[in-house]
Structures are given as structure tokens and as C-alpha cells.
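Counting from 1, the numbers follow the sequence of the chain as shown. Source: prediction; values computed, not measured.
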Amino acid sequence: RREQRLVGEDRNAMRTAVLAILLLIGAGRQLVSAQSRNNWWSLDWLDNRWLDFGAELPPAVVPFFPASDLTGFQGTIADTSGALVLYAQSSGVRNGAGQLLPGPPPTWSTNLGCMGSVFITAHGTTRYGMFLTAQATGAPVGGGFAEVDMDLNNGAGGVLGTGGRLLVDSVLTSVSAAPHGNGSDYWGIFHGRGTNAWYAYRFGTNGLDTVPVVSWAGATAGQAAVWSSQIKCSPANDRIAIHAQTSDTLSVLAFDADLGTVSDLVDLVLPACYGGLEFSPSGRFLYALADRPDSTVLLQWDLWLVPGLIPASQRTVFAAPTSPNYCSGLLLAPDGRIYIPQDQTSFLTRIEAPDQPGLQCNVQVNAVDIAPGELTPFLNNHCKWYHDDPIALGSAELAARPELTVWPNPTAYTANVHLPEHGSPWTVQVIDGLGRVVHASPARQGGQVIIPTAGWPPGTYVVRAQGSRGILFARLVVHR
């Protein structure tokens, strides 16, 4: 396994970035983001207030059912109208009316407490899958599954069968989910403890496949890393980011939604902490919170840019004193903004424009006030995208990025690059596998640029065009 970091030797960093771009180009996925099944977030230690994106934008602060058990890393799911269906607590699962589901528990033993969870839907049915992590005192955290049918108990819902089942021993507490490439099923995703193993379980209308897809990729989560920051999938579901508690490495990995496999992409350096993670709506930027001796900082990485062509790939976009504690919660909302709870206060900080670079992302402190409540350090866990509801309320579909066309490809002597008319003027560079710029064209309007490739070593190159609408990439293969 090749481990490369975006800091360190310039050449290694450039090679890593070129690999990341090639994988991005090869994926060919358009950017989509939707969360209208994810509207409810629990927030409040005291009065159990929620943020509800289902009824209005900006979000409404809504008092809800009385409960004292609001452990972080828990999942919620709402129907397509935004009405809450299920919410997980450490002691069990409640329905939208606030009732604890009758019948067997979602865990595989009665003495277990649920630590993390995510809900997904079985399309065309009244059933929901719940992937969860749970732990008995002194025992390793296990990853499991329970299936809820909302038709049971006269519509109050209940866990099917004898309750939850254990799928995998010794995992981190975070669990995530992503849609399957078939447009119907989903993957529930766990990460092993003391290893770099990933476990993806498939669930859909035909139930759960209990045989996981196992991948080994990214940094190893040490035995001491029981807790992790949120394992986050990108809105396009082709990337996964994770930072384990005791590691100084934040891994960004490629995810294949058809196969359920996870593979190496790039490792980033992040101080060991409980820092939360989140992708911007386009997937271009990754945000992470990190602890410093006298402050907490919010870092931004541009995953589309090649290091060396800009001053730095990592930017500090916000810094705050260590109190209040910002450490764990980042969550992309249906309004396209990222919310950050300020623990033990009534305020949320918000990234207003998360797809903008550097300070242009516009971090606003105290953007939402849930007074007289007091915030938890976490926000609920969700699958970012649901097949049957592709656009969230109040969120516009992301405009398709203009295409960069290169032909002939492969080529031996010359390559033609067609630039879109909109987004002009464009500057064009060609970068080799070591991250060196081997060709540069001056700024021009849309049209055609001819690139002479005679004498270039055979191999794969990246064509990079930068214009007013962003940066485009294409792959160019030179052969002899």
C-alpha cells in the first residue's frame, strides 16, 4: 500500500495529487446532494430541541419529545415530506411520536448501549435498516444491524425478528452509509479497530447480505482508537474520509458504490484529536476541526487542486479559543451549508459557502441560537443521499461542470484540447506523473488549444484548465 501525504517532499506530494485527480476523472460521477430524509437533528442536552429543515429554510428550532438520553453519533431518518420516522438513542430506537419501539432491542444483547447508528430505507416497503455500533462495559465495540418495520404494533413500528445481530467484532464507534450503484440498495460501512480494514454490508428490498465486502486501505486505527470522528462519505458517494482518535493521519479514500470497495487515495496530516469531518456539497473541499494548544482550528483542503500550483492545499479558515469546545460536530445541511455545534452553549457556527476556497467559505460564529437550550458536541448521523428523493428541499441541484475534451487520446504527436465557451478565459497546463508542468498555454477564450506531445515520455498526463467557473481536469495518454 502506498502511503503518501500532502505534506513532506514536494515530489511525493505532487505524485499523490496527480493520482487523486486521475481517480476523480476516472470516477466520472456527477455531483448530487440531497438530504430531505435527513431533516431532523437532535441538539439539546436539556430541553431536547431539534433543528428541522423539513418545514422551512432557514431551519426551525423545534421542541420535541422528552428524553434525557441524547448520546452523540446517533442516527435519524425522516420521510420524503420531512416528518421524523425514527431516531436512535443509546437505550433504543424511538419513532416519530417519541415512543420507544416495543419488542426486541436493536442490539444483539440486552446489556449493550448503542453508540453510533445510521438508518437507510428499503424502497417500496415500510422497512428500514439500522447499522449500529454498540458496546458492553469493558468489551470491544461491535458493529451490527437491526431491521425495523413501521407496520408493526399498529403503526408504532418495531424491530423484526429477535432483535439486532452482531456483524463484526472490534470496530470504531462511527458508522456510515452510502447508496449502492444500482439505484436501489445501500451500503452500511464500518471501520476496524487496530487495523485499516473496512467492512461494507449491502442492504435493500431483499434484506441484508451478511457477507461483507472487506477492503484494507488508509491509515491504521490503533487499538487505543475506540472513538473516531465521524466517518464521512462525500455527497457524490465516491469518497470516504476518516480520522481515528489516536492517529495524526486523516485518510481520504476512494469508494466504489457498485462493488462496495474502499481504496487508497491520499493521506492528510491532522493533529490527533476528536475532530469532526465534512465534505462541501460539490465534494471539492474537505473540512476538519483540529485542536491546537491554545485554540481550535477549522482546516480546509482543496481536493481538486495540485499542490505546488497554489500556495498551499491546506488552509486555516477559522480559529477559536479552546472554550467553547468545537471539537466533534460538522454536518452538511439541506441548505448547502455546514453546521458546527459549540458544545455547552446555545449557538451553532455555520460555514455559509463551503464550496468557496479559503476565507471565502465565510465562517459565521453564533449563526443559529437554540436558547434556552444547551448544545451537545455532536450532530446526528445520516446517509447523505437517498435514491428516491434526489434533491433536498431548498437545495438547488448542482450545475454540471463544463466538459474538457481531449483528442486524439491516446496520442503520439499532438493533442487537441477543446475549451468550453462559458467560463472563459482559460489557462491550460499539462502535468506529468511526477507533478511537473510540462506544457502551459496562455489565457484564452473557449475554443481549441493544440498541445505538441512529440518527445514526451509515454505515460499518463493530467490536462488542467482553469477558468472563471473553476478548474477542469482531463486525462491524456501518450504512447509510442
Qualifying residues under side chain to side chain donor-acceptor pair (under 3.5 Å), relative to Ser234, sequence neighbours excluded: Asp238
Kindly determine whether Val141 and Leu172 satisfy side-chain contact (heavy atoms from CB on, under 4.5 Å), including the steps that lead there. CA-CA 7 Å; Val141 176; Leu172 300 181; over 6 Å; no
Scanning both residues in full, the closest heavy-atom pair of Pro104 with Gly161 reads CG-O, 3.4 Å
Is any side-chain heavy atom of Thr195 closer than 4.5 Å to a side-chain heavy atom of Trp216? yes
OG of Ser176 to CZ of Phe190: how many Å apart, nearest 0.5 Å? 10.5 Å
Do Asp355 side-chain atoms and Ser280 backbone N/O form a donor-acceptor pair below 3.5 Å? no
Not counting sequence neighbours, which residues clear ring-ring contact (aromatic ring centres under 6.0 Å, His included) with Phe131? List them please. Phe145
Note, Tyr128 side chain near Glu147 side chain (heavy atom, < 4.5 Å): no
Closest non-hydrogen atom pair between Val171 and Gly142, with its separation: CG2-C, 3.7 Å
Sequence neighbours excluded, the answer for side chain to side chain donor-acceptor pair (under 3.5 Å) partners of Thr125 is none
Can you name the nearest heavy-atom pair linking Thr210 to Pro212, along with the distance? O-CD, 3.5 Å
Can you tell whether the side chains of Asp302 and Arg284 come within less than 4.0 Å, N to carboxylate O? yes
Where is the tightest heavy-atom contact between Ala415 and Leu476, given as atom of each residue plus distance? CB-CD1, 3.9 Å
Residue pair Val430, Trp456: steps toward the side-chain contact (heavy atoms from CB on, under 4.5 Å) verdict: CA-CA 11 Å; Val430 181; Trp456 291 10; 3.7 Å; yes
Between Ile231 and His191, which heavy-atom pair has the shortest distance, and what is it? CD1-CB, 3.9 Å
Here the gap from Arg239 atom CZ to Cys233 atom SG, rounded to the nearest 0.5 Å, amounts to 11.5 Å
Sorted by chain and number, sequence neighbours left out, side chain to side chain contact (heavy atoms under 4.5 Å, CB included) with Gln356 holds for Ala353, Gln360
Could you check whether any side-chain heavy atom of Leu330 comes within less than 4.5 Å of a side-chain heavy atom of Leu277, counting everything from C-beta outward? no
Working for side-chain hydrogen bond (donor to acceptor under 3.5 Å, both in side chains), residues Arg350 and Tyr339: CA-CA 5 Å; Arg350 186 166 62 197; Tyr339 288 73; 3.1 Å; yes
Kindly determine whether Leu160 and Leu152 satisfy side-chain contact (heavy atoms from CB on, under 4.5 Å), including the steps that lead there. CA-CA 9 Å; Leu160 290 172; Leu152 296 179; 3.8 Å; yes
For Thr133 and Gly116, indicate whether the former's side chain and the latter's backbone hold a donor-acceptor pair under 3.5 Å. yes
The single option from Leu289, Leu286, Ile338 that satisfies side-chain contact (heavy atoms from CB on, under 4.5 Å) with Glu278 is Ile338
Are Tyr287 and Trp301 an aromatic pair, judged by ring center distance below 6.0 Å? no
Please identify each residue that fulfils ring-ring contact (aromatic ring centres under 6.0 Å, His included) with Trp108, with sequence neighbours left out. none
Do Val477 and Asn409 have side chains that get closer than 4.5 Å, going by heavy atoms? yes
Salt-bridge test for Asp149 and Arg127: reply yes if a basic N is under 4.0 Å from a carboxylate O, no otherwise. no
Are the side chains of Pro457 and Val478 in touch, meaning some heavy atoms are under 4.5 Å apart? no
side-chain contact (heavy atoms from CB on, under 4.5 Å) for Phe279 and Leu303? Distances and angles first, verdict last. CA-CA 10 Å; Phe279 289 90; Leu303 302 179; 3.9 Å; yes
Indicate the atoms forming the closest heavy-atom contact of Gln300 with Cys361, along with that distance. NE2-CB, 4.1 Å
Pick one: which of Phe255, Tyr199, Tyr201 meets side-chain contact (heavy atoms from CB on, under 4.5 Å) with Ile189? Phe255
How far does CG of Asp264 sit from OG of Ser251, to the nearest 0.5 angstrom? 7.5 Å
Gap separating the CG atom of Asn206 from the CG atom of Asp185, nearest 0.5 angstrom: 7.0 Å
Contact between Thr121 and His123 at the side-chain level, heavy atoms closer than 4.5 Å - yes or no? yes
Side chain proximity check, Cys114 to Met130, heavy atoms < 4.5 angstrom: yes
Supply the atom-to-atom distance Thr173 OG1 to Arg193 CZ, rounded to the nearest 0.5 angstrom. 11.0 Å
Only one of Val175, Val118, Asn381, Thr107 clears side-chain contact (heavy atoms from CB on, under 4.5 Å) with Leu132; which? Thr107
Taking side chain to side chain contact (heavy atoms under 4.5 Å, CB included) as the definition, give me every residue that meets it alongside Thr261, ordered by chain and number, with sequence neighbours left out. Val213, Ser215, Asp256, Leu259
pair Val211-Arg202: side-chain heavy atoms closer than 4.5 Å: no
